[in-house]
Asks: 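Handing you this structure, nothing more for now.
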2 protein chains.
Amino acid sequence: MARTIDRNARKVQLAQAVWQVILDRGISAVSVRTVAEQAGVVVGSLRHVFPTRAELLQFSAELMVQRATDRVLTVREGSDPAEYALEVLKNFLPLTADSRAELEVNIALIAESPALPQLVAIRNHAYEELGNACLRLTEMLACRPNDPELVERARHLHAVLDGLAIHLLMDPPTNDSTWATVILEKELARIIRNR
Amino acid sequence: MARTIDRNARKVQLAQAVWQVILDRGISAVSVRTVAEQAGVVVGSLRHVFPTRAELLQFSAELMVQRATDRVLTVREGSDPAEYALEVLKNFLPLTADSRAELEVNIALIAESPALPQLVAIRNHAYEELGNACLRLTEMLACRPNDPELVERARHLHAVLDGLAIHLLMDPPTNDSTWATVILEKELARIIRNR
DNA sequence: AGCAAACTAGCACACCCGTGCTAATCTCAG
DNA sequence: CTGAGATTAGCACGGGTGTGCTAGTTTGCT
């Protein structure tokens, strides 16, 4: 054997190159050549890890979802449930350069799904997970676990969350974005008030 | 002179071909050749109307915004303000095949904006218009025109609207979608209740 | 040291890309 | 009918695309 070295690290490096190309030049500019160049490797090396373009994009999408998941798992449950919920949900808003890029890439990959059917499964899974998270937080805030009535309320919250995410993406990144978290707080307060 | 015929109709025909290609094969598949083939014309003819690819995509985006605007303008103000507001806003949700395709194309074009900077201006304009519409409806429902306090409430509504739009896009088109309008009604009811 | 596996590097092919360009065809005003 | 401008048709160029393929090079276990 030889350098069994971090094959996964190489994959991550290449996925990040994919993201960068998407951010800089749009999804149409993503090719094995542009990505390899962005990553500073030759095409042959890239194709040793990802034999086809589809595999490259699929991994890039999966890693992005993984990143978001990991980020939200770092939030520790505190004393105040509302504060905890807010912290968790803020992780799904593009408030930092990283999460902003994440969302931008996400949208680009969704737009490409007609050509890459594998991507819709990834997207659907992430969507369901986020929906479940909203439901769990709603049940927690309302202190009524397993109440089917809360499903609609959770969907409402989920809609606000994704809507805010898009609106933040429209604003230039330098703009003040506290208004978004204020609206999110209001939405959480509604759930608590109606508990 | 010769057939000064509907040059604009031809443009519309080509724009629709663009949409169809995006829907079927993703934004990356949009080229002058694929679009011309989809429209049933040769590349030369397409390029007589749209000399460059950028012009083709720009017009396609603008027409899409125009379509949505036209659609919403057909709603007549009725007796019940809440009902009127709901009808207006429902036009921005992908509830029909047409509006669904519209949103899908919209997202694809947004994803391509790094490569086509003209698209972000179109997108921003549409976004602002929708924001203004939400504000006007909110003021109407709350019976408090020009109350700056309503700006945040209108943004909240706007977020719910766009969030629901995305969620409807995730669901297969055949699925029941009344839940979305129910949530929208609830959001409007909140505005009225707090008037 | 030796060697097999992992990795890098790159050539080659057939195909699609946008666009400049010319020639043929059509259609109506005169 | 005639001719001019609108429209269609298509060739050609340089360049980018994904991927099959073959050599070189490195690496670490035995």
Side-chain angles (χ1 to χ4, degrees), chain A residues 1-18 20-22 24-61 108-109 111-119, chain B residues 1-18 20-22 24-61 108-109 111-119:
Chain A
M1 272 197 290
R3 191 162 45 171
T4 327
I5 196 179
D6 37 14
R7 184 191 186 86
N8 203 268
R10 170 53 63 93
K11 283 188 170 187
V12 170
Q13 176 198 6
L14 290 169
Q16 286 172 335
V18 170
Q20 200 55 53
V21 172
I22 290 180
D24 290 344
R25 303 164 55 189
I27 181 75
S28 296
V30 173
S31 70
V32 291
R33 279 173 242 257
T34 56
V35 171
E37 190 185 16
Q38 172 76 40
V41 304
V42 295
V43 182
S45 301
L46 181 151
R47 295 190 54 229
H48 181 69
V49 182
F50 295 115
T52 83
R53 179 180 184 267
E55 290 174 64
L56 170 65
L57 287 176
Q58 183 171 344
F59 180 85
S60 300
L109 291 173
E112 193 61 357
S113 18
L116 283 314
Q118 316 99 30
L119 295 181
Chain B
M1 274 196 288
R3 193 162 47 168
T4 328
I5 196 178
D6 37 15
R7 185 192 186 83
N8 202 269
R10 170 53 63 92
K11 282 189 171 187
V12 171
Q13 176 199 5
L14 290 168
Q16 285 172 337
V18 170
Q20 201 55 53
V21 172
I22 290 179
D24 290 345
R25 303 165 53 189
I27 181 74
S28 297
V30 173
S31 71
V32 292
R33 278 173 241 255
T34 56
V35 170
E37 189 186 17
Q38 172 76 39
V41 303
V42 295
V43 182
S45 302
L46 183 152
R47 295 189 56 228
H48 180 67
V49 181
F50 295 114
T52 83
R53 178 181 184 264
E55 290 174 63
L56 170 65
L57 287 177
Q58 183 171 346
F59 180 86
S60 300
L109 291 173
E112 193 61 359
S113 11
L116 283 313
Q118 316 100 32
L119 295 181

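Chain naming here is simple, since letters A, B, ... match the order of the sequence lines and numbering starts at 1 in each. The structure presented is a predicted model; accordingly, all values stated were derived computationally and were not measured.
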Asks: Whole angstroms only, please: what is the CG-P distance between Leu56(A) and dT17(D)?
Replies: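 That distance rounds to 13 Å.
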Asks: Arg53(A): what forms a side chain to side chain donor-acceptor pair (under 3.5 Å) with it, not counting sequence neighbours?
Replies: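 Checked Arg53(A) against side chain to side chain donor-acceptor pair (under 3.5 Å); zero matches.
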Asks: Which heavy-atom pair separates Leu116(B) from Ala54(B) by the least distance, and what is that distance?
Replies: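 In terms of heavy atoms, the two residues are closest at CD1-CB, 3.9 Å.
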Asks: With rounding to the nearest 0.5 angstrom, report the CZ to CD distance, Arg25(A) to Glu112(B).
Replies: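 Atom-to-atom, Arg25(A):CZ and Glu112(B):CD are 11.0 Å apart.
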Asks: Check the distance between dT7(D)'s P and Leu14(B)'s CG and give it to me in whole angstrom.
Replies: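 Rounded to whole Å, this separation is 12 Å.
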Asks: Mind calculating the distance between CD (Gln13(A)) and C1' (dC7(C)) to the nearest angstrom?
Replies: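 To the nearest whole Å, that distance equals 14 Å.
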Asks: Enumerate the residue pairs fulfilling side-chain hydrogen bond (donor to acceptor under 3.5 Å, both in side chains) with a member in residues 9-18 of chain B, sequence neighbours excluded, ordered by first and then second residue.
Replies: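 Sorted pair list: Arg10(B)-Gln13(B).
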Asks: Output the rounded distance in Å from CG (Asn8(A)) to P (dC7(C)).
Replies: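 Taking atom P of dC7(C) as the reference, CG of Asn8(A) is at 12 Å.
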Asks: Write out all pairs satisfying side-chain hydrogen bond (donor to acceptor under 3.5 Å, both in side chains) with one or both partners inside residues 34-49 of chain A, taking only residues at least two apart or from two chains.
Replies: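 Qualifying pairs: Ser31(A)-Thr34(A).
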Asks: Quick one: is dC16(C) close enough that its OP1 or OP2 comes under 4.0 Å of any side-chain N or O from Ser31(B)?
Replies: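 No, because none of the side-chain N or O atoms of Ser31(B) sits under 4.0 Å from OP1 or OP2 of dC16(C).
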Asks: Do you know the tightest heavy-atom contact between Pro51(A) and Glu55(A)?
Replies: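 Smallest interatomic distance, heavy atoms only, reads CD-OE1, 3.4 Å.
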Asks: State, to the nearest 10°, the angle formed by the axis through the first five base pairs of the helix from dA1(C)-dT30(D) to dG30(C)-dC1(D) and the axis through its last five.
Replies: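 Inter-axis angle at the termini of the helix from dA1(C)-dT30(D) to dG30(C)-dC1(D): 0°.
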Asks: Can you tell me how far C1' of dA6(C) sits from CZ of Arg10(A), to the nearest Å?
Replies: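 Rounding to the nearest Å, CZ of Arg10(A) and C1' of dA6(C) are 12 Å apart.
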Asks: Among all residues two or more places apart in sequence or in another chain, which pass the side-chain contact (heavy atoms from CB on, under 4.5 Å) test with Ala36(B)?
Replies: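 Residues passing side-chain contact (heavy atoms from CB on, under 4.5 Å) with Ala36(B): Val41(B), Val43(B), Leu46(B).
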Asks: Arg33(B) CZ to dT17(D) P: how many Å, rounded?
Replies: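 Arg33(B) atom CZ is separated from dT17(D) atom P by 15 Å.
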Asks: For Ala61(B) versus Leu119(B), what's the shortest heavy-atom pair and its separation?
Replies: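 Ala61(B) and Leu119(B) have their closest heavy atoms at CB-CD2, 3.7 Å.
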Asks: Rounded at 0.5 Å granularity, tell me how far OG in Ser28(A) sits from CD1 in Ile22(A).
Replies: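 Rounded to the nearest 0.5 Å, the OG-CD1 separation comes out at 10.0 Å.
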Asks: Residues from residues 36-50 of chain B sitting under 4.0 Å of DNA chain C, heavy atoms only?
Replies: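 Val43(B), Arg47(B), in order of number.
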Asks: Take the protein atom CZ of Arg7(B) and the nucleotide atom P of dG5(D), then report the distance between them rounded to whole Å.
Replies: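 My rounded result for the distance is 16 Å.
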